[in-house]
Protein chains: 2
Amino acid sequence: MINSENTGLAVERHARIRKILQERKIVTVEGLCRELNVSGATIRRDLVDLDRQGRVRRVRGGAVSVGWHAEEPLFEDKAAIAAKEKQRIAEAALRYVQPKGSIFLDGGSTVLALARLLTERAGLTVVTNSLRVAGALSGAGPRVILTGGELRRLSQTFVGSMTAPLINQIHVDTAFMGTIGLSADDGLTTTDPREAFTKNIAMARARQVILLADSSKLGKVSFVKFGSLPKADVLITDTGASARDVQSFRKAGIRVVKVSGVRCRGSGKRRET
Amino acid sequence: MINSENTGLAVERHARIRKILQERKIVTVEGLCRELNVSGATIRRDLVDLDRQGRVRRVRGGAVSVGWHAEEPLFEDKAAIAAKEKQRIAEAALRYVQPKGSIFLDGGSTVLALARLLTERAGLTVVTNSLRVAGALSGAGPRVILTGGELRRLSQTFVGSMTAPLINQIHVDTAFMGTIGLSADDGLTTTDPREAFTKNIAMARARQVILLADSSKLGKVSFVKFGSLPKADVLITDTGASARDVQSFRKAGIRVVKVSGVRCRGSGKRRET
DNA sequence: TCATTTGTGCGCATAAATAATCATATCCGG
DNA sequence: CCGGATATGATTATTTATGCGCACAAATGA
């Protein structure tokens, strides 16, 4: 079981839903379903309650925070792309998180999905340069250390050389890295040089590097290179990855884990390892 | 059960339950069961009593601390306390923000209110150690530089000595500081030493220091001192400040600005829904 | 327009939590 | 030492929460 001390009280669920809704202004039933490990029916009943209390506004497919205006900029766009695969990848990555260990969490939506699964891991230490990861863990969970630096709005991460002295003070067991492009020939690539700089030094401080990249990233090449492929130990991707790509990464000495996107509706999930 | 230490008095159990509930805001019957070594029936009877006394709120599966379940008072949103005054103070502070300048923004709800007024100031540079300030400015507005460090959940700020090298790289025109206590005799005080550490070095990097403190803070003394009163140039507070306090601060060489809270109607706040 | 997908509400089964009941143990004033 | 009052734990109904399947409705797409 993932949650050793899961109280499972209904009120606690309600509180968590409200908290999630404070951060991201809009959530889907399915998303809550996965995040709270309950069925869609329960989530709907919760949302009915909260809606009756006027605490959230129920909409088809999920709920929105009260007093949210559709004109407000929303950063969820990217998170919605291949959300199922990302969620599955995040869940698979959970296996590599030691209860009392320390990890680095990169920016990017897949890694953010992993962060959201860590709100119960009180013994853990999380180092990150992502504002949204910090926000996701701001209420409860692991010790959070933010690297600081200048905010890059597009990715909601903190970048720049200022942060180097801080990162160089720390060591982590495992770094979970997202990426824009990942190819056997050109290695890891991203769009922004400052982003690459931070990724570089973060990877250097980790004993183990795990890449989280859905299959759309494979074979892609972006603007600037970071890290080095041989430095990566594990790549977690989804079944959309071509056998060819997988083969070439394995040849490079990387362990490749493929997860299949399944849904929370219907059966399953009663029996977790 | 013969428990060597356990007196078995019901009132003692009640006290312990209340204490536990103060720390963790939510408990399960089963958890209390284990912790107090009594049966579920007894715990339930206790909770019924405590609930009747209004000391805890009973929910299915356990109980929550009163005032947590957010009957009315919401999460840690201290921002609601004296919100009008804080808003006024923030608006007054806006005068001291140069369009192209650089400022430091402390944690604290008054300073957060100021941050929310800066979302249009594209030319500005804001340095902060507050997660919520960074969140408020994450969408648009000034350049945001976060100091980093370890997250202190209570205040949602990043603290610790790690951040020192980063802060020492920068200079700002003006630092806007909140505080828990502010007295002519004991200076500036706050609750947490690590918080004080960050405030200290931040103030040292500013050409000008402006204190934002509603009148409830005046004359108060908290746990640990930070900065030094003479280092402050301006204090912005509300008209609730006593003439004596204001006088003593002016005597210390601080310019004091008083803003009027919008107290049109008499204090009677009986007009709830 | 129709077909398909996706979300929703309802009924039922099951598990869990609570309430009700009873038996036993402890305490305390005669 | 006795008998009642109280508290606790065990046992049992009863209520409630949850998950799941199904039929239907609303969005989506051709």
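Computed from heavy atoms alone, side chains included, the values below leave out hydrogens, waters and symmetry copies. Below, chain A is the first sequence line, B the second, and so on; all start at residue 1.
Between R116(A) and L112(A) there is a side-chain heavy-atom pair separated by less than 4.5 Å. You'll find the side chain of L218(A) reaches within 4.5 Å of the side chain of F249(A), heavy atoms only.
In this entry the distance linking CZ of R13(B) with C1' of dT6(D) reads 12 Å, nearest Å. A straight line from CD1 of I43(A) to P of dG7(C) spans 14 Å, rounded to a whole angstrom. The distance between atom CG of L36(A) and atom P of dA17(D), rounded to the nearest whole Å, is 17 Å. Taking atom CG on N37(A) and atom P on dC20(D), their separation rounds to 12 Å, with Å as the unit.
The line from CD1 of I236(A) to CD1 of I254(A) is 12.5 Å long, rounded to the nearest 0.5 Å.
Evaluated for a side chain to side chain contact (heavy atoms under 4.5 Å, CB included) with L21(B), the options V64(B), V27(B), L32(B), I26(B) yield exactly one hit, V27(B).
The side chain to side chain contact (heavy atoms under 4.5 Å, CB included) search around A41(A) returns S39(A), R45(A), not counting sequence neighbours. Take R152(A) and apply the salt bridge (Lys or Arg N to Asp or Glu O under 4.0 Å) test, not counting sequence neighbours, and it matches D192(A), E195(A). When the side chain to side chain contact (heavy atoms under 4.5 Å, CB included) test is applied to S138(A), the partners found at least two apart in sequence or on another chain are K19(A), E23(A), L131(B), L151(B), Q156(B).
For T42(B) and dT8(D), the shortest distance from a side-chain N or O to OP1 or OP2 is not below 4.0 Å.
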Please list, for nucleotides 17-20 of chain C, all pairs of protein and nucleotide N/O atoms separated by less than 3.5 Å.
unit_1  : atom_1 : unit_2 : atom_2 : d
dA17(C) : O4'    : R60(B) : NH2    : 3.2
dA17(C) : O3'    : G61(B) : N      : 3.3
dT18(C) : OP1    : G61(B) : N      : 2.5
dT18(C) : OP2    : R44(B) : NE     : 2.6
dT18(C) : OP2    : R44(B) : NH2    : 2.7
dT18(C) : O5'    : R44(B) : NE     : 3.4
dA19(C) : OP1    : R58(B) : NH1    : 3.4
dA19(C) : OP2    : R58(B) : NH2    : 2.9

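One end of the helix from dT1(C)-dA30(D) to dG30(C)-dC1(D) points its axis 30° away from the other end's axis, with each axis taken from 5 pairs and the angle rounded to 10°.
For R45(B) against dG9(D), a side-chain N or O and a base N or O form a donor-acceptor pair under 3.5 Å.
With the nearest nucleotide of DNA chain D identified for both D46(A) and D46(B), D46(B) has the one nearer the 5' end.
Among residue pairs with one or both ends in residues 240-253 of chain A, none qualify as salt bridge (charged side-chain N to carboxylate O under 4.0 Å, His left out); sequence neighbours excluded.
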